Amino acid sequence: MNLSKKKLASNSTSYKITPDFVPMIRIIFWNSMGFFFFSFLIPYVTAQLLGASGTQLGFMYASQIFGALISAPIVGYLTDRFSKKLLVLIGSFGRGTCYLLMYLGIMFSSLMIFAIGLFVQGFFVGFFWTPLDALISEKSHKTNRSYAFGKRGGMMGWGNFFGSILSFIIFSIANFFVPNNRFLVYSPLILFTISNVYAGIIFNRHVNEELTYDHYITNIYPPSAEFFIESQTIDVSSSNSQTGNNIAFGFLIGFIFLTIAFMTSNVNQSLAPPFFQVYLIDEIGVNNATMVMLIYFPSQIIAMLLAPKLGKISDKINPMLGIAIASSFGSLVTWLIVNTTSGWEFGVILTFDATFAWAGMLILQNFVSRVSKSHRGKIFGLTQWMSLFGALIGPILGGLVWDHIGPRAPFIISIFVELSVIPLYFIAIRFLTPHMAEKIEEN
């Protein structure tokens, strides 16, 4: 037994994920190719191409959230009971449909068709991420969970990087030679439709959802399985039955504060970002669409590519401390954004903002994934559903204050909202930690 433990400990990284974890993550490359172009087109097409107001832009983002609000509880329920691979396949096809509808909306200059495309994306995005997050949790060890989600982010970054290069080349060349030919200018949307359909098919074919981390370690090294799977690890349901209503009440309080914190955090995450590009164009004066893409590009890519490194750090840090650092620095860089007058400075600061946002997200994904083992789908679905209310409020509120107070208003409000989530997460983590299904002992 001691020899087995030494062998496992000597190669802890490879033994903290299943053999099919890396191939599963690699497939995300194809799903992620259109992320940057998608996020770039929403404000650009809505405000610049179709001439919508700030309030209309806010409601355009909200249409995406409405779709996700409808599907999130459904997907959370289905994830714990049906094939996760099938749900990911449905999500991939739905996202491909979204890109196609956006393309048709641009071709016909229809804000309605474009909004329907965003609604479809919101509805089907849960079918992709919720079961995928559950699979990532099941195929990784609890002490390596942030790194596992970071690997997902890293592969999203690489897919986003190559997809962005491809879309940038096509968009720039077409805009230079045939700027009025929308068929060519926005043709990357067709390519990303195909890549999402392809990704869903190969994911469904190659991922073994029955191979969980617990089964893998138990089958390969049964004498040393307890080295990784502690016998005292219990789920929420068994915890409540053993110690009575006090634990149930504490868990309930912690989970309520966790969902409120997720909602508030997503108000912040969706309050100012929809207006980054419009602010860059209207307030800083960067009027060239290609330059806007170049300035906006690093913030969408670099943070994702750094996600595995951020995940390793997040696995070693106390979640309360990590949230405090990420939120504090995030509010600081938001303040710097509204005080810059240079497009390039704007891009650099925005990259730091995205990096801190990713660090905080990895810490929270780690924590949420360990709340329950048998109800991960419901936990992910419920926290996502509550956070979507915040994501729904954010762009609408941002659009209203943009139109009626001024362009700086969404950013200023975002600073105070981001700071307010720190005590909420502190309370949630404090009450939930004793009742975690997967506990991590601190040295």
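Source: prediction; values computed, not measured.
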Handout entry: S167 (side chain) donor-acceptor with S164 (main chain) under 3.5 angstrom
Key = yes

Exercise for the section: Keeping the roles fixed (side chain from T433, backbone from I429), state whether a donor-acceptor pair exists under 3.5 Å. Expected result: yes

Problem - Beyond-backbone contact of F367 with L432, side-chain heavy atoms, under 4.5 angstrom - result: yes

Problem - Pair F356 and F329, ring centroids less than 6.0 Å apart - result: yes

Practice task
Determine, using ring centers only, whether F38 and F192 are less than 6.0 Å apart.
Solution key: no

Fill in the blank from the handout: Heavy-atom closest pair (I323 atom, G360 atom, distance to 0.1 Å) is CD1-O, 4.0 Å

Completion exercise
Rounding to 0.5 Å, atoms OG (S137) and CZ (R370) come to a distance of 10.5 Å

Exercise for the section: Could you label the plane-to-plane angle of the H141 and Y213 rings as parallel, tilted or perpendicular, counting under 30° as parallel and over 60° as perpendicular? Expected result: tilted

Handout entry: Student check: side-chain heavy atoms of K312 and N144 closer than 4.5 Å
Key = no

Problem - Beyond-backbone contact of L69 with F389, side-chain heavy atoms, under 4.5 angstrom - result: yes

Problem - Residue pair F183 / Y103, side-chain heavy-atom distance below 4.5 Å - result: yes

Practice task
Kindly give the heavy-atom pair with the smallest separation between L419 and S328, and that separation in Å.
Solution key: CD2-CA, 4.3 Å

Problem - Flag, side chain of D315 to backbone of S146, donor-acceptor distance under 3.5 Å - result: yes

Fill in the blank from the handout: The reported gap from CG in L310 to CD1 in I363 (rounded to nearest 0.5 angstrom) is 9.0 Å

Problem - Closest non-hydrogen atom pair, A428 against G254 - result: CB-O, 3.5 Å

Exercise for the section: Could you grab the distance from atom CD1 of I301 to atom CZ of F162, nearest 0.5 Å is fine? Expected result: 10.5 Å

Problem - Derivation of the side chain to side chain donor-acceptor pair (under 3.5 Å) call for S109 and R182 - result: CA-CA 10 Å; S109 298; R182 294 184 180 181; 2.6 Å; yes

Exercise for the section: Would you confirm whether S299, through its side chain, and L350, through its main-chain N or O, come within 3.5 Å as a donor-acceptor pair? Expected result: no

Practice task
Please confirm whether the backbone N or O of I337 pairs with a side-chain atom of Y279, one donor and one acceptor, at under 3.5 Å?
Solution key: no

Practice task
Answer yes or no: does atom CZ of F168 have more than 12 heavy-atom neighbours from other residues, nucleotides or ligands under 6.0 Å?
Solution key: yes

Side-chain polar contacts of residues 110-127 - donor-acceptor pairs under 3.5 angstrom, sequence neighbours left out - could you list them?
residue	atom	partner	partner atom	Å
S110	OG	M112	N	3.4
S110	OG	I113	N	3.1
Q121	OE1	Q64	NE2	2.6

Practice task
Look only at the side chain of T259 and the backbone of F255, and say whether a donor-acceptor pair between them is shorter than 3.5 Å.
Solution key: yes

Handout entry: Donor-acceptor pair, side chain of S327 and main chain of A324, under 3.5 angstrom
Key = no

Practice task
Using a 4.5 Å cut-off on heavy atoms from C-beta on, say whether the side chain of L258 contacts that of V368.
Solution key: yes

Problem - Close side-chain approach of F93 and N196, heavy atoms under 4.5 Å - result: no

Handout entry: Nearest-0.5 Å distance, CZ of residue R95 to OG1 of residue T97
Key = 12.0 Å

Problem - Step-by-step side chain to side chain contact (heavy atoms under 4.5 Å, CB included) determination, L211 to E138 - result: CA-CA 8 Å; L211 180 60; E138 291 175 355; over 6 Å; no

Exercise for the section: For residues L364 and Y425, determine if any side-chain heavy atom of one lies less than 4.5 Å from a side-chain heavy atom of the other. Expected result: yes

Exercise for the section: Mind running side chain to side chain contact (heavy atoms under 4.5 Å, CB included) on Y186 and L41 for me, showing each step along the way? Expected result: CA-CA 9 Å; Y186 301 98; L41 284 185; 3.7 Å; yes

Problem - Sidechain-backbone polar pair: S369 side chain, N366 backbone, donor-acceptor under 3.5 Å - result: yes

Handout entry: Closest approach of I415 to S331 (non-hydrogen atoms, all atoms of both residues)
Key = CG1-O, 3.7 Å

Completion exercise
Distance col, row T193:OG1 vs L100:CG, nearest 0.5 angstrom, shows 5.0 Å

Exercise for the section: Just do the side chain to side chain contact (heavy atoms under 4.5 Å, CB included) check on I413 and L271 with the steps written out, would you? Expected result: CA-CA 8 Å; I413 296 174; L271 204 157; 3.7 Å; yes

Practice task
Give a yes-or-no answer on whether the side chains of S314 and R145 include a donor-acceptor pair shorter than 3.5 Å.
Solution key: no

Exercise for the section: Salt-bridge test for D20 and K139: reply yes if a basic N is under 4.0 Å from a carboxylate O, no otherwise. Expected result: yes

Handout entry: Euclidean distance, I313 CD1 relative to Y147 OH, rounded to 0.5 Å
Key = 12.5 Å

Handout entry: Residue pair N266 / S270, side-chain donor-acceptor N/O under 3.5 Å
Key = no

Handout entry: Main-chain N/O of F203 paired to K85 side chain as donor or acceptor, under 3.5 Å
Key = no

Practice task
Determine whether R430 and M320 make a side-chain contact, defined as any pair of heavy atoms from C-beta on separated by less than 4.5 Å.
Solution key: yes

Problem - For V421 against T264, the heavy-atom pair lying closest together - result: CG1-CG2, 3.6 Å

Enumerate donor-acceptor pairs with a distance under 3.5 Å from any side-chain N or O in residues 24-37 to protein atoms, sequence neighbours excluded.
residue	atom	partner	partner atom	Å
N31	ND2	S92	OG	3.1
S32	OG	I28	O	2.8

Problem - Donor-acceptor contact present, side-chain T79 to main-chain V75, <3.5 Å - result: yes

Problem - Taking every non-hydrogen atom, the tightest pair across V417 and S420 - result: O-OG, 2.6 Å

